[in-house]
Novice: 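Quick one: this structure, given as structure tokens, is what I'll be asking you about.
Note that the structure is predicted; figures quoted are calculated from it, not measured.
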Amino acid sequence: MAKLSTEELLDQFKEMTLIELSEFVKAFEETFEVTAAAPVAVAAAGAPAAGGGADAGAGADEQDEFDVILEAAGDKKIQVIKEVRALTSLGLKEAKDLVDGAPKPVLEKVDKEAANKAKEALEGAGATVTLK
């Protein structure tokens, strides 16, 4: 088989349906034993400075990775699905299935700032969210 260029591969993907692409991703993940984890965009806002005194020693025991768990979609399910899609690289059906299957993790092992931003966005859309 001749090696395809990036442009040729993209052209082939453009001709596929979403279901075919989803099946391809699953087969790719199984073949190469990897997962297509969604990249998390983190704004470059400065973190608040750590307080001194008694709180200074707490930094060593502080959790640095969080899971954002969607507990319930609430009344505005469509808005929650839109937020889930904005936070992840999930397609419409996958995002809807995640929201319908709550409680489910939306993001896993993200830093505190990204977890809090995701929680705020989802709660703003009407969802119930917990951080673990």
Side-chain angles (χ1 to χ4, degrees):
M1 178 178 194
K3 184 177 178 181
L4 298 176
S5 71
T6 303
E7 289 298 320
E8 291 169 327
L9 278 172
L10 288 174
D11 288 340
Q12 290 298 313
F13 289 136
K14 287 177 185 175
E15 294 177 15
M16 297 173 79
T17 66
L18 288 177
I19 293 172
E20 291 170 331
L21 278 172
S22 176
E23 290 170 356
F24 169 78
V25 170
K26 288 177 186 172
F28 186 90
E29 290 174 341
E30 290 172 7
T31 302
F32 295 103
E33 297 178 358
V34 296
T35 58
V40 178
V42 179
D55 294 335
D61 297 335
E62 208 171 296
Q63 182 177 351
D64 61 346
E65 289 185 338
F66 295 86
D67 293 344
V68 180
I69 311 294
L70 176 69
E71 297 294 335
D75 295 336
K76 299 177 184 174
K77 188 169 144 182
I78 294 172
Q79 288 301 112
V80 174
I81 292 170
K82 286 180 181 180
E83 287 300 329
V84 167
R85 290 192 67 204
L87 293 168
T88 66
S89 64
L90 295 176
L92 180 59
K93 182 183 182 326
E94 292 84 4
K96 182 183 179 304
D97 291 345
L98 187 147
V99 172
D100 287 340
K104 292 259 181 160
V106 176
L107 298 173
E108 295 178 323
K109 297 183 179 171
V110 296
D111 63 35
K112 187 174 185 175
E113 183 179 346
N116 283 330
K117 285 184 183 232
K119 182 179 179 185
E120 287 176 21
L122 289 166
E123 286 178 343
T128 304
V129 181
T130 58
L131 298 180
K132 293 187 180 183

Novice: Would you mind telling me which of D67, L107, N116, I69 makes a side chain to side chain contact (heavy atoms under 4.5 Å, CB included) with L131?
Specialist: N116
Novice: Restricting to non-hydrogen atoms, name the atom on A125 and the atom on K76 that form the minimum distance, rounded to 0.1 Å.
Specialist: O-CB, 3.3 Å
Novice: Counting C-beta onward and ignoring hydrogens, is there a side-chain heavy-atom pair between S22 and K93 closer than 4.5 Å?
Specialist: no
Novice: Would you find more than 12 non-hydrogen atoms of other residues, nucleotides or ligands less than 6.0 Å from L9 atom CG?
Specialist: yes
Novice: Do F13 and L4 land in one hydrophobic cluster if side-chain heavy atoms of ILVMFWY residues count as linked below 4.5 Å?
Specialist: yes
Novice: How about D100 and K77: do any of their side-chain heavy atoms sit closer than 4.5 Å?
Specialist: yes
Novice: Roughly how far, to the nearest 0.5 Å, is CD of E8 from NZ of K3?
Specialist: 11.0 Å
Novice: Same hydrophobic cluster for L92 and L90, using side-chain heavy-atom links shorter than 4.5 Å among ILVMFWY?
Specialist: yes
Novice: Considering non-hydrogen atoms only, spot the tightest contact between P103 and E71 and give its length.
Specialist: CB-OE1, 3.5 Å
Novice: Within a 6.0 Å radius of atom CD1 on I19, are there more than 12 heavy atoms belonging to other residues, nucleotides or ligands?
Specialist: no
Novice: Tell me if a side-chain donor or acceptor on D111 pairs with a main-chain N or O of E113 at a distance below 3.5 Å.
Specialist: yes
Novice: If I compare all heavy atoms of A127 with all of L70, which pair ends up nearest, and what's the gap?
Specialist: CB-CD1, 3.5 Å
Novice: If I take atom OG1 from residue T128 and atom NZ from residue K119, how far apart are they, to the nearest 0.5 angstrom?
Specialist: 10.0 Å
Novice: In terms of hydrophobic clustering (I, L, V, M, F, W, Y; side-chain heavy atoms under 4.5 Å; direct or indirect links), are V129 and V110 co-clustered?
Specialist: yes
Novice: Would a single hydrophobic cluster contain both L98 and L122, if residues Ile, Leu, Val, Met, Phe, Trp and Tyr are joined by side-chain heavy-atom contacts under 4.5 Å?
Specialist: yes
Novice: Ignoring hydrogens, what is the shortest heavy-atom contact between I81 and A95? Give both atom names and the distance.
Specialist: CG2-CB, 4.0 Å
Novice: Do other residues, nucleotides or ligands put more than 12 heavy atoms under 6.0 Å from L21 CG?
Specialist: yes
